[in-house]
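So the structure is just underneath, and the comments pick up after that.
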Number of protein chains: 2
Amino acid sequence: MHIQSTFRAQTVPASNLLAGMQPAAVTLYPADAVIYAEGDAAGPLYVVEFGTVRICRVTADGRRQITGFLTAGDAFGFEAGAEHDSYAESVDGAGVRVLRATGGQEPTGAVLHMALKSLARTQHQLMLLGCKSANVRIAAFLFDLSERQGDDRPVHLAMQRNDIADYLGMTFETVSRALRFLKDERIIRLKTIADIEILDRGALESLCE
Amino acid sequence: MHIQSTFRAQTVPASNLLAGMQPAAVTLYPADAVIYAEGDAAGPLYVVEFGTVRICRVTADGRRQITGFLTAGDAFGFEAGAEHDSYAESVDGAGVRVLRATGGQEPTGAVLHMALKSLARTQHQLMLLGCKSANVRIAAFLFDLSERQGDDRPVHLAMQRNDIADYLGMTFETVSRALRFLKDERIIRLKTIADIEILDRGALESLCE
DNA sequence: CGACCTGTTGATTCTGCTCAATCAACGTGG
DNA sequence: CCACGTTGATTGAGCAGAATCAACAGGTCG
């Protein structure tokens with residue numbers, strides 16, 4: 001495959017990233033383990049094999065913003081500067097493969113594509129934080145999770161309320177209340193504390209739009 | 001210059017982008033002119049030569065989120081998919097150069113670098129929207145503008161209150177009140193409606209932190 | 001069993017939005 | 001030149017949504 005006269009992204013399976021890179025084993029990070037810290041030298045790319053990873057940043061006053069949750073197939077570790085200004089942690093026990101480019105070669109289009117996917121996701125999140133109410137943010141979050149997890153089985157929340165709150169720019173109490181709102185509206189059902197069944201997908205989607 | 005065993009960004013002047021690309025003239029877009037619309041086919045990259053460009057997205061309920069303001073040297077038009085899901089407009093009369101990659105070639109590391117810069121900026125904005133109050137957002141916005149414009153002459157606001165509001169996820173009334181707050185605190189002074197003198201840079205910075 | 005952690009719920013406070021009035025700057029046409 | 005309309009900015013009053021503070025429930029683990 002070659003890129004024809006455009007910077008548009010091309011669909012490349014993540015495995016193609018491995019071309020021209022040193023193979024690496026999958027590392028298992030237990031829950032809350034740090035994958036890289038803020039200030040660490042940037043360089044390698046990471047690919048999630050299983051589990052969930054969160055990318056975080058903290059402000060001077062101690063507040064945390066989670067800029068992304070990553071699951072199987074997602075890449076992370078991109079950095080514009082020489083060192084990470086975010087940090088990455090395992091949420092629930094995650095398997096991560098490290099990719100180091102072999103010396104003296106240009107990054108491939110596949111890397112660019114994954115960076116652009118990150119950008120698109122971050123912009124989507126920006127819309128949520130800029131324009132939407134708490135209930136709508138939660139609805140959109142669940143909808144997104146549901147789409148990522150694919151099938152129509154209950155959505156599994158690998159992260160806890162606290163994480164969701166820091167991802168969506170609100171408090172965990174508000175997360176709780178928003179879930180309750182969706183429950184009262186008969187849009188979702190909490191099978192367990194971490195497994196949510198979507199009863200009315202249409203209503204959920206129309207909330208997000 | 002070559003990239004050694006890393007995906008870390010390298011510092012490449014934007015002009016290097018031109019290597020391997022068709023030269024193109026600068027197009028002048030008058031204020032509020034559309035550079036590309038939502039749904040347009042993605043492909044070419046754009047570089048701002050002078051003036052200011054805004055990247056926007058609208059929600060179903062008509063709210064607008066500005067995901068970025070771009071000034072001289074900034075590139076935009078990256079897209080993960082086949083078509084733009086944002087649209088770009090000139091803010092104040094902007095000169096824009098279009099870059100089309102020549103056929104059958106991989107994007108260079110410079111393109112990746114610019115995409116990563118976009119990503120970093122978007123993540124920074126995410127911090128603002130997720131963690132900061134209205135006053136702090138405005139302070140950070142002014143501080144950012146001031147750094148981008150370089151010298152210590154008054155900061156020029158190319159965009160109007162409405163745009164700032166949609167960029168920072170608030171209403172234009174709140175923008176007005178936040179500016180008034182900074183004025184009352186003797187941190188800034190409004191030389192004109194669009195030119196702001198920073199009286200106390202330390203206070204401004206410590207507000208953002 | 002008690003300690004602890006996570007999550008839920010309630011009461012209160014406060015930030016920022018909505019609605020609305022006012023003002024200044026500007027352009028147009030009589 | 002002035003009356004008028006328009007547009008952007010500022011300011012005020014009242015309100016709504018989310019944060020904060022606090023109490024409590026349920027589960028897990030020592």
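All heavy atoms count here, side chains included; hydrogens, waters and symmetry mates do not. We name chains A, B, ... by the order of the sequence lines, and we start the count at 1 in each one. Keep in mind the model is a prediction, meaning the values are calculated, not measured.
- Within a 6.0 Å sphere centred on CG of D152(A), heavy atoms belonging to other residues, nucleotides or ligands number 12 at most.
- R54(A) and D32(A) are joined by a salt bridge, as a carboxylate oxygen and a charged side-chain nitrogen come within less than 4.0 angstrom of each other.
- Between K132(A) atom NZ and dC17(C) atom P there is a gap of 16 Å when expressed in whole angstrom units.
- Rounding to whole angstrom units, CZ of residue F181(B) and P of dG12(D) are separated by 16 Å.
- In this structure, T171(A) reaches the dA19(D) phosphate: one of its side-chain N or O atoms is under 4.0 Å from OP1 or OP2.
- Counting any heavy atom pair closer than 4.0 Å across all strands shown, L190(B) reaches sugar-phosphate atoms only and no base atom.
- For the pair V53(B)/Y29(B), no side-chain contact is recorded, criterion being any heavy-atom separation below 4.5 Å from C-beta on.
- Under a 4.0 Å N-O distance rule, the pair D166(B)/R161(B) does not qualify as a salt bridge.
- In this structure, the CG atom of L129(B) is 13 Å from the P atom of dG16(C), given to the nearest Å.
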For residues 142-149 of chain A, run the donor-acceptor check on the side chains, cut-off 3.5 Å, and write out each pair with its distance to 0.1 Å, sequence neighbours left out.
unit_1, atom_1, unit_2, atom_2, d
S146(A), OG, R201(A), NH1, 2.9
S146(A), OG, R201(A), NH2, 3.0
R148(A), NH1, F69(A), O, 3.1
R148(A), NH1, D74(A), OD2, 3.2
R148(A), NH2, F69(A), O, 3.1
Q149(A), OE1, H156(A), N, 3.0
Q149(A), NE2, H156(A), O, 2.8

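- Ring geometry for Y36(A) versus Y46(A): interplanar angle of 30 to 60°, hence tilted.
- Listed nucleotides dT18(C), dG16(C), dT11(D) differ in distance to A134(B); the shortest reach to its side chain belongs to dG16(C).
- Rounded to whole Å, atom C1' of dT20(D) lies 11 Å from atom CZ of R63(A).
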Under a 4.0 Å heavy-atom criterion, the protein footprint on nucleotides 22-30 of chain D, written with B, S and -, is ---------
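- Considering only side-chain N and O atoms, T174(A) lies nowhere under 4.0 angstrom from the phosphate OP1 or OP2 of dA18(D).
- When the side-chain nitrogen and oxygen atoms of R180(B) are compared with OP1 and OP2 of dT11(D), one or more of them lie within a distance under 4.0 Å.
- Of the candidates dT11(D), dT6(C), dA19(D), the closest approach to any side-chain atom of M170(A) belongs to dA19(D).
- For the pair I164(A) CD1 and dT8(C) C1', the computed distance is 14 Å after rounding to whole Å.
- With rounding to whole Å, R161(B) atom CZ is found 13 Å from dA24(C) atom C1'.
- Of the candidates dT10(D), dT6(C), dG8(D), dG8(D) carries the atom nearest the Q160(B) side chain, counting heavy atoms from C-beta on.
- Judged by distance alone with a 3.5 Å cut-off, no donor-acceptor contact links the side chain of R177(A) to the base of dG7(C).
- Between N135(B) atom CG and dG16(C) atom C1' there is a gap of 10 Å when expressed in whole angstrom units.
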Could you walk me through whether I196(A) and L179(A) pass the side chain to side chain contact (heavy atoms under 4.5 Å, CB included) check?
CA-CA 10 Å; I196(A) 294 185; L179(A) 287 173; 3.9 Å; yes
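- Put simply, CD1 on I193(B) is 16 Å from P on dC23(C), counting in whole angstrom units.
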